[in-house]
Amino acid sequence: MNTHARPSDLPEPSLVPANGWHCTHIFYRIDRRQLRELTAEQKTLGLEQFEQALDPQAATATTRLQSFLISGHKADFAILMLDPDPLKIDGIHQRLLQSELGPALEPTYSFVSLTEISEYVPSPEQYAERLKAGGEDPSSPAFAAKVAAYEKRLPMMNAQRLTPELPNWPAMCFYPMNKSRVVGANWFTTPFSQRNAMMAEHAQSGMAFAGRVTQVVTVSVGMDDWEWGVTLWARCPDYLKDIVYKMRFDEASAKYAEFGPFYVGYQADAISIIKHCGLA
Ligand code: 76R
């Protein structure tokens with residue numbers, strides 16, 4: 001029996017986050033020499049195990065699971081997984097390593113993070129303030145309608161932030177980033193009001209890409225080597241460079257953003273990866 005008193009407003013100790021989901025991006029390279037060492041039986045079984053591990057419908061699959069072919073030398077393919085249970089996520093990685101193909105799979109990069117609702121997501125009141133700052137007349141019916149529409153949209157937008165649906169668009173890019181802490185450009189010593197104004201400019205840039213680019217920003221402060229992971233999906237690959245280029249001029253990025261390695265790829269299921277990478 002648990003005899004320790006527990007304040008009633010605290011959750012049970014758990015691997016499940018109090019808010020949001022775990023998220024892992026993981027990138028693999030195929031070791032051709034090891035692949036050649038496999039017997040025909042090992043290969044057949046290994047490919048079956050590979051398909052199972054990456055099947056978003058499998059019982060072992062994470063709540064969200066996508067896989068990608070990766071361009072360039074940094075990796076051959078990648079998996080993106082989101083789930084309340086971190087061991088379910090890691091389980092897929094372990095299953096791949098323990099499969100018959102395992103010796104031929106070399107993880108080259110991973111990024112561990114959580115979903116969150118950023119402190120810069122405006123409340124309906126803050127949204128109204130942003131409209132006013134943008135020159136909208138607060139006494140107009142259009143103003144009231146915009147604020148009402150935002151208030152109605154907000155719960156859905158917040159659900160998308162914490163438990164995102166992943167778009168089915170073909171092009172994806174991922175990169176980790178920090179907000180700088182150098183003298184003269186220290187994001188974390190900048191007053192909230194200024195950071196908030198910069199993030200409003202950022203959001204406006206982003207919203208201009210509605211229908212072309214979808215983003216999921218996950219937070220890795222305290223979890224990985226960078227502060228955020230940016231995952232972008234685009235209807236066409238060139239929109240990826242368009243949005244990243246546009247944002248380079250926003251103060252939040254121009255002055256404060258530091259970027260890690262960029263990975264670019266294309267959505268592909270297990271069978272397409274097997275075919276494209278010549279695993280069979
Ligand atoms: O509704 C809102 O106002 C939400 C606004 C919003 C927040 C709070 C938003 C909108 N983002 C937010 C937070 Mn973003 N985002 C990035 C990058 O390459 C670069 O220069 C930056 C990388 C892109 C491309 C992008 C896209 N965003 C953040 C944060 C967390 C900051 C924090 O909490 O301190 C980071 C690191 C970040 C970075 N952002 C949008 C987009 C797009 C396309 C939007 C438009 C709205 C949407 O699609 O949901």
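Atoms within a ligand are numbered from 1 in the order they appear, just like the ligands themselves. The structure presented is a predicted model; accordingly, all values stated were derived computationally and were not measured.
The aromatic rings of Phe68 and Trp233 are tilted relative to each other, their planes meeting at an angle between 30° and 60°. Using the six-membered ring where Trp is involved, Tyr28 and His93 have ring planes that are tilted, between 30° and 60° apart. In this structure, Phe262 and Tyr175 have parallel ring planes: the angle between them is below the 30° cut-off, well short of the 60° mark.
Using a non-hydrogen distance threshold of 4.0 Å, Arg130 registers as a contact of ligand 1. The shortest separation from a heavy atom of Val217 to ligand 1 is under 4.0 Å, placing the residue in contact. Contact annotation: Met198 has no heavy atom less than 4.0 Å from any atom of ligand 1.
Given atom 42 (C) of ligand 1, the protein heavy atom at minimum distance is Gly206 CA, 3.5 Å. Shortest contact from atom 47 (C) of ligand 1 to any protein heavy atom: Gln215 OE1, 3.3 Å. Among all non-hydrogen protein atoms, the one lying nearest atom 11 (N) of ligand 1 is His202 NE2, 3.0 Å. Regarding atom 26 (C) of ligand 1, its nearest protein heavy-atom neighbour is Met247 CE, 3.4 Å. Among protein heavy atoms, atom 18 (O) of ligand 1 sits closest to Tyr175 OH, 2.6 Å. Closest protein heavy atom to atom 20 (O) of ligand 1: Ser253 OG, 2.6 Å. Of all protein heavy atoms, the one lying nearest to atom 33 (O) of ligand 1 is Ser118 OG, 3.0 Å. Of the protein's heavy atoms, Trp228 NE1, 3.7 Å lies nearest to atom 30 (C) of ligand 1.
Near Ile243, meaning under 4.0 Å from any of its heavy atoms, are these atoms of ligand 1: 43 (C). The distance from ligand 1 to the heavy atoms of Met177 drops below 4.0 Å at these ligand atoms: 21 (C), 22 (C), 36 (C). Here is the list of ligand 1 atoms found below 4.0 Å of a heavy atom in Leu232: 24 (C). Set against the non-hydrogen atoms of Ala203, the atoms of ligand 1 under 4.0 Å away are 3 (O), 5 (C), 10 (C), 45 (C). Atom numbering of ligand 1 starts at 1 in the shown order; those under 4.0 Å from a heavy atom of Met207 are 45 (C), 46 (C).
Considering backbone and side-chain N/O of Glu119, none are found under 3.5 Å from N/O of ligand 1. At least one N or O atom of Arg161, backbone or side chain, sits closer than 3.5 Å to an N or O atom of ligand 1.
Residue contacts with ligand 1, taken as heavy atom pairs separated by less than 4.0 Å, do not involve Glu227 at all. Contacts between Phe259 and ligand 1, counted as non-hydrogen atom pairs separated by less than 4.0 Å, involve the side chain only. If you look at Gln204 next to ligand 1, there are no close heavy atoms at all, none under 4.0 Å. With a heavy-atom cut-off of 4.0 Å, Pro122 touches ligand 1 through its side chain alone. Contacts with ligand 1 closer than 4.0 Å are made by side-chain heavy atoms of Met199 only, the backbone lying farther away.
Judged by a 6.0 Å distance limit and a 45° cone about the ring axis, Lys179 is positioned over the six-membered ring of Trp228. Arg248 forms a cation-pi arrangement with Phe259, by the criterion of a distance under 6.0 Å to the ring centre and an angle within 45° of the ring axis.
Considering CZ of Arg161 and CE of Met156, their distance stands at 9.5 Å, rounded to 0.5 Å.
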Test log, rule ring pair (Phe, Tyr, Trp, His ring centres under 6.0 Å), inputs Tyr263 and Phe111: CA-CA 12 Å; Tyr263 288 84; Phe111 193 80; over 10 Å; no

